Amino acid sequence: MIAILLSAALLVSSTLATTFQKCDKGAEPLAVRVRGCDEPPCQLAHGDHVHAEVDFRVDHEVSHMTPKAVASVSGVNVNYPLAEKEACNSLINSKCPLKSGDVATYLLELPISSAIPSVEGVTVFLNLTDADSGDILSCFGVKLR
């Protein structure tokens with residue numbers, strides 16, 4: 001009985017959504033789950049990895065997606081290089097092409113490098129862009145500490 005309750009508690013805690021910032025452009029995701037962070041600022045140290053799952057819905061057919069991460073601090077934006085250039089390769093519950101109305105989950109694995117300063121107020125934004133049309137399919141930001 002205790003094992004069942006513990007398993008249920010772990011399942012609930014692993015599915016809690018992380019509060020995120022909206023972007024100026026693009027649809028906000030349906031949910032974002034950053035491992036170990038329900039309420040930003042997320043505490044991450046150099047050498048850590050951000051593991052995030054992003055649920056989003058597409059409003060048109062999508063064959064290819066490009067992920068883009070930007071670190072923003074005090075109004076200065078710096079592109080943050082991602083190893084995976086084709087976001088379709090990082091979908092965990094579906095695959096491209098996505099049809100209009102499909103809900104997909106993107107898995108972001110992002111190493112925290114020394115390029116991100118250890119100061120308060122760093123926000124990392126992620127957007128997923130339709131590589132063919134240029135439409136931003138989903139965009140959000142999470143504040144780091």
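A quick note: this is a predicted structure, and the numbers were derived from the prediction, not measured.
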Exercise for the section: State which residues pass side-chain hydrogen bond (donor to acceptor under 3.5 Å, both in side chains) with Thr129; sequence neighbours excluded, sorted by chain then number. Expected result: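 Here the qualifying residues are Asn127.
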Problem - side-chain hydrogen bond (donor to acceptor under 3.5 Å, both in side chains) partners for Asn77, two or more places apart - result: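 Per chain and number, Asn77 pairs via side-chain hydrogen bond (donor to acceptor under 3.5 Å, both in side chains) with Ser72.
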Which distance, rounded to the nearest 0.5 Å, do you find between the [atom1] of [X] and the [atom2] of [Y]?
X      : Y      : atom1 : atom2 : result
Phe140 : Thr123 : CZ    : OG1   : 11.5 Å
Asp38  : Thr19  : CG    : OG1   : 8.0 Å
Thr66  : Glu86  : OG1   : CD    : 6.5 Å
Leu98  : Asp59  : CG    : CG    : 11.5 Å
Lys85  : Ser90  : NZ    : OG    : 11.5 Å
Phe20  : Cys37  : CZ    : SG    : 13.0 Å

When hydrophobic residues are tied together by side-chain contacts of less than 4.5 Å, even through go-betweens, does [X] share a cluster with [Y]?
X     : Y      : value
Leu91 : Val32  : yes
Tyr80 : Phe125 : no
Leu82 : Met65  : yes
Val62 : Leu107 : no

Looking at every heavy atom in both [X] and [Y], which two are closest together, and how far apart are they?
X      : Y     : result
Val54  : Pro29 : CG1-CB, 3.7 Å
Ser63  : Cys88 : O-SG, 3.6 Å
Thr105 : Asp55 : OG1-OD1, 2.6 Å

Handout entry: Steps toward side-chain contact (heavy atoms from CB on, under 4.5 Å) verdict (Leu110, Val124)
Key = CA-CA 10 Å; Leu110 181 69; Val124 174; 4.1 Å; yes
Handout entry: From CA spacing to verdict: side-chain contact (heavy atoms from CB on, under 4.5 Å), Glu53, Asn93
Key = CA-CA 11 Å; Glu53 295 177 3; Asn93 67 346; over 6 Å; no
Exercise for the section: Have a look at Asn89 and tell me which of Glu84, Lys95, His64 forms a side-chain hydrogen bond (donor to acceptor under 3.5 Å, both in side chains) with it. Expected result: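 The residue from Glu84, Lys95, His64 that satisfies side-chain hydrogen bond (donor to acceptor under 3.5 Å, both in side chains) with Asn89 turns out to be Glu84.
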Handout entry: Side chain to side chain, Pro67 and Leu128, heavy atoms closer than 4.5 Å
Key =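 When only atoms from C-beta onward are counted, Leu128 and Pro67 do touch, with a gap below 4.5 Å.
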Problem - Note, Ser133 side chain near His60 side chain (heavy atom, < 4.5 Å) - result: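 Yes, at least one pair of side-chain atoms sits under 4.5 Å.
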Practice task
Check whether more than 12 heavy atoms from other residues, nucleotides or ligands sit under 6.0 Å from atom CG of Asp24, and answer yes or no.
Solution key: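 12 or below, so no.
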Practice task
Please lay out, stage by stage, how Glu61 and Asp130 fare under the test side-chain contact (heavy atoms from CB on, under 4.5 Å).
Solution key: CA-CA 9 Å; Glu61 187 168 312; Asp130 181 330; over 6 Å; no
Practice task
Linking directly or through intermediates, with side-chain heavy atoms under 4.5 Å: list the remaining ILVMFWY members grouped with Val103, chain and number order.
Solution key: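 Its cluster mates, by chain and number, are Leu30.
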Handout entry: Ser138 side-chain N/O to Phe56 backbone N/O, donor-acceptor pair under 3.5 Å
Key =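 Judged by distance alone, no pair lies under 3.5 Å.
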